[in-house]
Each structure stands twice: as C-alpha cells, then as structure tokens.
S.K.: 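Starting off with a structure, shown below.
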Amino acid sequence: MRSDLPTLGVGLGYRPEYHDAILRHSDHLDFIEVITEHLFAEPGRGSLERFAEVLPTTCHGLQLSLGSAEPLDGGYVDRVCEAIGRFRPPWFSDHLSLTRIDGVDLGHLAPVAFTEEILEAVCDKIATLRKRISTTFLIENIAYYFPIPGSQLTEADFLARVVERTDSGILLDLNNLYANAENMGYDPYGFLDAIPLERVVEIHLAGGALRDGLFVDTHGHPVCEEVWELLEFVCRRASVKGIVLERDQNIPHFEELTAELRRARRILSGGQ
Amino acid sequence: MIHLYTDADAREAFFGGDLSFLAAYDLTAEERAGFVQLRTRGRRGLEFFASLLGKKRMDKVKPLMPISLLVWGEGPWEEVWSSYVLDRRAEPPLRLVLEAYRLSLAILEASTQRFATESLSRELLLYESCKLRVASTEYRMESPGRVSPSSQAGEAMDLVPMILRPYVLQTFSHDLSRVVPRLEATRQIPQALPNPSLLLFYRSWAGGGVGVAKVTRGVARLLENCRGGESQQSIFDRMIQPEHPDSGRARVAFERAMVTLERQGVLVFTKKGVSNDARSDD
C-alpha cells in the first residue's frame with residue numbers, strides 16, 4: 001500500500017442538492033468526494049470541475065461491478081480512465097458488489113457471494129483496472145440485508161484477501177459495517193480485527209434507521225453513536241487519510257452536517 | 001440469485017419451499033444449504049432488498065422520462081410504474097433505456113382512459129415514447145468509407161446516403177418541435193393550438209444521441225430510400241420522373257435536403273454501398 005497518499009481530512013459526498021451550500025460553507029470542508037459517473041458527461045462534469053478548483057476531490061464509482069461473472073465493461077472503464085486522468089484524484093474507489101448481470105444494470109449495489117471463485121474474478125478485474133489506471137484504488141464494503149448463500153469465506157476474510165492480493169486500499173464504510181453486524185448478528189469489532197486496518201485509506205460515515213427489525217443504511221439520518229465509536233476505534237489504529245460524510249435523504253440544514261464534520265475532524269486528529 | 005431479487009413469483013415460491021429453480025445451477029451441497037438457510041433466516045432482508053432494488057430502478061428510469069412525469073404527475077406516474085413492474089415481474093430486468101421504452105408504452109396504454117387521442121398531453125407522451133424507441137436500440141456507429149459530400153465535389157451524386165435504423169416518423173396534431181422546447185424550459189405544459197407536424201426521431205451520426213427533426217412528406221419518402229445500398233443519383237432517378245415539369249426543382253430540393261440532413265447528423269455518406277446493419281436490435 002502506498003504511504004505517500006496525502007491526508008485530506010474531512011469531507012462530504014457531493015450531491016447536487018447541496019451544491020450551493022457546499023460553495024458557501026467550503027471552509028468547513030477539507031475535500032469533497034464526487035460520484036465518478038457524474039464526471040462522464042455534462043451537465044454534471046462542468047460544475048464538478050469548478051468544485052475541483054476550490055477543493056481537493058476524490059472519485060467514488062458505483063458501477064464497476066467487481067462481483068459480476070462477466071468481464072469489466074470496457075466502455076465504462078474507458079470513461080473511468082478519462083475521468084481519473086482529467087481530475088487526477090489522489091485515489092478513487094468503488095464497491096465490493098455487483099451492479100450488472102448480463103449487461104443489465106440492476107440499479108443498486110447487490111452483494112457478492114464470498115467464494116474462492118468470486119474472489120478470483122474480483123482480483124482479476126482489479127488487476128485489469130490497475131493496468132489502465134495507476135492511481136490508488138480503494139474497495140468499499142457494502143450493506144446487505146440477508147446471508148449470502150454459498151459463501152465459503154467471511155466478508156472480512158474475503159475483503160482482506162482481495163486488498164492484499166491486488167495491493168488495493170480499503171474504503172471502510174462504518175455504517176455499512178454496523179448495519180451488517182446488526183442484521184447478521186456479528187461483532188463489528190471482530191470484523192475490524194480481521195481486516196488489514198493499515199490499508200484503510202478512507203472512511204464513509206452515514207446514518208441509518210431501524211425498519212421492521214432491520215437496520216437500514218438510509219443515508220438519511222444522523223450518524224449513530226455506535227458508528228462514532230467504531231470511527232474512534234479505527235482512527236486510533238489506522239492512518240486514515242480522509243473521512244467522508246454521506247447524506248442523500250432528509251437533507252438537513254448545513255449546520256447539522258457541519259456539526260458532524262467537526263466531530264469527525266476531532267476524532268481524526270486524535271481527540272474524542 | 002438475480003431471480004430472487006427481481007422475480008416476485010420466484011421469491012414467493014422459494015419462501016414457500018420450492019427450490020426447483022436451483023436445479024438449473026450446478027450447486028454444491030454447501031451452496032444449496034446456503035439457500036435453505038436464506039429461506040429460513042433471510043426472508044425479511046431479501047424482501048427488503050428486492051423492494052429497495054425496485055425503488056432504485058424506478059429512480060433510475062425517471063430521469064429518462066421527464067415528459068411523462070410532467071404530464072402524469074409524480075404520484076400517478078409511480079402508480080403506473082408499480083403496475084408495469086407487477087405485469088412483467090417474472091421477466092428478467094432490461095437495460096434501463098429499454099425499460100423506459102417499455103414503460104412508455106404502458107403509460108400510453110394507461111393514458112387512453114385519461115386523455116383524448118389527439119390531445120396535447122397524449123401527443124407529448126407519444127413523443128417521449130418515439131424518442132425512447134430510437135434510444136433503446138443499441139448501435140454500432142462505424143460507417144466504413146464515410147466521406148463528406150463537400151470534399152467529394154463532382155462525385156457527390158455517386159455517394160451513398162445512409163440513415164441509422166430504426167428511425168421513427170410520426171405525425172402529430174400539434175407542432176411538438178415547438179411545444180417540447182417550451183415545456184422543457186418552463187416545466188409546464190404550454191398552451192398550443194393544433195398545428196399538424198411530421199417529426200423524425202433518429203439516431204444522430206454526430207455523437208450518437210437521439211435527435212428530433214421536423215420534416216416534410218417528401219423528405220420522409222427520401223429517407224425511406226437511404227438504406228446505405230444505393231447512390232444519391234440512383235435514388236433521385238428513381239424518385240423523380242424526368243418528364244415531370246417540376247423535376248428540375250425537385251432534384252434541387254432533394255439535393256438541398258440531403259445536405260441539411262447530413263449536417264444534422266441524420267445521414268452519413270459513404271463512397272460505396274454498405275449494408276445498413278449498423279445496429280443490433282434487442
């Protein structure tokens with residue numbers, strides 16, 4: 001894992017809904033994270049290019065579909081290459097998930113079975129990607145809501161082996177981890193003990209809520225206390241380079257977000 | 001797994017104890033046991049995920065259908081979506097734009113109860129459906145031997161014009177080439193008096209997007225002949241009767257139309273005939 005990555009600090013996942021607010025409150029942000037697919041074409045690209053002039057920017061993709069049985073979508077990878085070449089983020093990321101089956105976009109991140117076969121396929125795809133893009137690549141853990149049939153490995157072992165074999169970093173989504181631990185009934189700290197924390201480059205924070213007995217990753221609520229505790233645990237043990245707060249629904253006044261950003265910054269810098 | 005995500009019938013059967021769909025896969029005993037465990041432990045989570053997938057998919061289709069969302073209103077539009085999803089719940093998911101096209105047909109069907117056939121609202125829905133019809137076809141944009149007629153002065157009539165298929169020619173009672181830009185600018189359905197128009201929905205050679213152009217009946221007939229297998233000269237000779245007193249003017253008009261269509265990206269010219277197979281239908 002490269003040690004020369006810059007420490008960006010605390011940022012926000014860019015959403016068009018708070019475009020103006022971000023510009024007004026950019027002094028509260030150390031960087032922003034943009035959805036890679038929004039850089040592919042106008043109208044999104046132009047305004048994001050202007051943001052990138054104001055704040056450091058990282059790129060976070062949704063549609064690489066590392067867990068698909070089929071090869072990487074060449075056209076999609078071309079566009080990712082173009083976007084990364086243009087924006088030159090310090091790192092870029094996507095999910096340990098599948099979003100495409102037989103060329104059809106599912107519209108959401110679906111979980112992969114944690115098997116040896118899928119592990120090979122995921123590693124091959126990342127290797128192919130790395131041949132095209134030398135920028136550090138991070139893999140994010142997703143939230144899933146049921147045990148994945150046929151899994152031979154735990155999610156933590158699967159993730160650890162993928163990042164070690166492909167020399168990738170981890171984008172650790174703590175709300176996803178907390179949701180999975182709650183819904184599947186495992187210890188989130190056991191998960192953290194089982195992954196190479198030295199590879200955690202970035203952390204995602206978000207809120208969730210209980211619905212019909214499931215803890216759902218809503219991106220529409222404040223970050224819960226248990227997730228803050230997980231953040232403290234990780235920041236004490238890993239050299240985290242950036243923390244991104246994600247909020248997609250029930251978007252509050254920006255002041256509420258800045259309070260969460262301040263708390264994250266305190267934890268990142270060693271305070272509680 | 002994808003069947004369990006997207007097919008409510010398969011999911012229901014699975015939770016009812018039917019594991020027959022697994023027979024199509026070469027599962028190990030361990031993998032099979034995983035599915036049995038999913039049936040007993042994961043029902044609520046799987047059902048939640050399936051509904052999440054459906055909602056996300058709807059959210060992805062919406063931006064492809066801004067006109068029908070405006071005409072129907074968001075709530076009723078979502079009701080049509082739900083009923084559409086229910087109707088085809090046993091089918092595999094489609095590419096988003098193809099899904100949008102199929103939904104546009106369902107919306108047109110549902111709109112017969114709500115709008116008169118020639119009402120502006122109904123015609124706007126038809127307009128969106130025509131655009132999606134063209135957009136939903138996958139194309140290969142290569143055109144071997146593509147040339148610009150202006151660079152081939154003296155040989156221009158030997159060049160072969162080609163339009164990508166399928167394209168759609170649709171008659172409307174209103175001039176939607178004027179109405180739609182106003183609707184897009186104001187996000188409101190404008191007042192418009194009937195004013196018949198013939199619109200061409202085409203895949204542009206310049207960039208691959210879907211274009212819309214108002215055309216005359218003569219141009220529509222001309223386009224029918226631009227299949228990529230016949231030179232301009234030959235097409236004109238076939239379409240224009242030399243003994244007709246207006247044949248000279250007709251030829252000039254056709255030549256001008258060809259130039260305009262090429263500039264708009266409707267046509268491309270090649271030096272020799274190539275088959276018009278630059279597409280692959282679903």
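Every chain is numbered from 1, with letters handed out A, B, ... down the list of sequences.
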S.K.: Do the side chains of A/Arg247 and A/Glu17 get close enough for a salt bridge, i.e. N-O under 4.0 angstrom?
M.R.: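 Salt bridge between A/Arg247 and A/Glu17, a charged N being under 4.0 Å from a carboxylate O: no.
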
S.K.: Below 4.5 Å from any heavy atom of chain A, which atoms of B/Phe35 appear? Answer side chain, backbone, both or neither.
M.R.: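 For B/Phe35, backbone and side chain are both near chain A.
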
S.K.: Return the option, out of B/Ala33, B/Gly45, B/Gly34, B/Gly42, with the maximum number of heavy-atom pairs under 4.5 Å with chain A.
M.R.: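 When all of B/Ala33, B/Gly45, B/Gly34, B/Gly42 are compared, B/Gly45 has the most.
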
S.K.: For the pair B/Trp77 and B/Trp81, name the ring-plane relationship: parallel under 30°, tilted 30 to 60°, perpendicular over 60°.
M.R.: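 Taking B/Trp81 first and then B/Trp77, their aromatic rings lie parallel (interplane angle under 30°).
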
S.K.: Regarding B/Lys60 and B/Glu99, does a basic nitrogen lie under 4.0 Å from an acidic carboxylate oxygen?
M.R.: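 Salt bridge: no.
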
S.K.: Picking from A/Phe215, A/Tyr189, A/Tyr186, what satisfies ring-ring contact (aromatic ring centres under 6.0 Å, His included) with A/Tyr178?
M.R.: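 Exactly one pass, corresponding to A/Phe215.
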
S.K.: B/Leu96 versus chain A, heavy atoms under 4.5 Å apart: side chain, backbone, both or neither?
M.R.: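 Side chain of B/Leu96 only, per the 4.5 Å heavy-atom cut-off to chain A.
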
S.K.: Here's a test for you: under side-chain contact (heavy atoms from CB on, under 4.5 Å), which of A/Thr58, A/Leu48, A/Thr36 qualifies with A/Phe87?
M.R.: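 Between A/Phe87 and the candidates, side-chain contact (heavy atoms from CB on, under 4.5 Å) is satisfied uniquely by A/Leu48.
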
S.K.: At a heavy-atom separation under 4.5 Å, does A/Asn183 approach chain B through its side chain, its backbone, both, or neither?
M.R.: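 Neither; nothing under 4.5 Å.
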
S.K.: Between A/Leu106 and chain B, with a heavy-atom cut-off of 4.5 Å, which part of the residue counts as in contact: side chain, backbone, both or neither?
M.R.: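 Contact with chain B involves both backbone and side-chain atoms of A/Leu106.
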
S.K.: Given that the side chain runs from C-beta out, which part of A/Leu109 has a heavy atom under 4.5 Å from chain B: side chain, backbone, both or neither?
M.R.: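 For A/Leu109, the contact with chain B is made by the backbone alone.
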
S.K.: I'd like to know if B/Lys56 and B/Asp59 make a salt bridge, using a cut-off of under 4.0 Å between side-chain N and carboxylate O.
M.R.: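 No, this pair does not count.
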
S.K.: In terms of heavy-atom proximity below 4.5 Å to chain B, should A/Ala110 be classed as side chain, backbone, both, or neither?
M.R.: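 For A/Ala110, backbone and side chain are both near chain B.
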
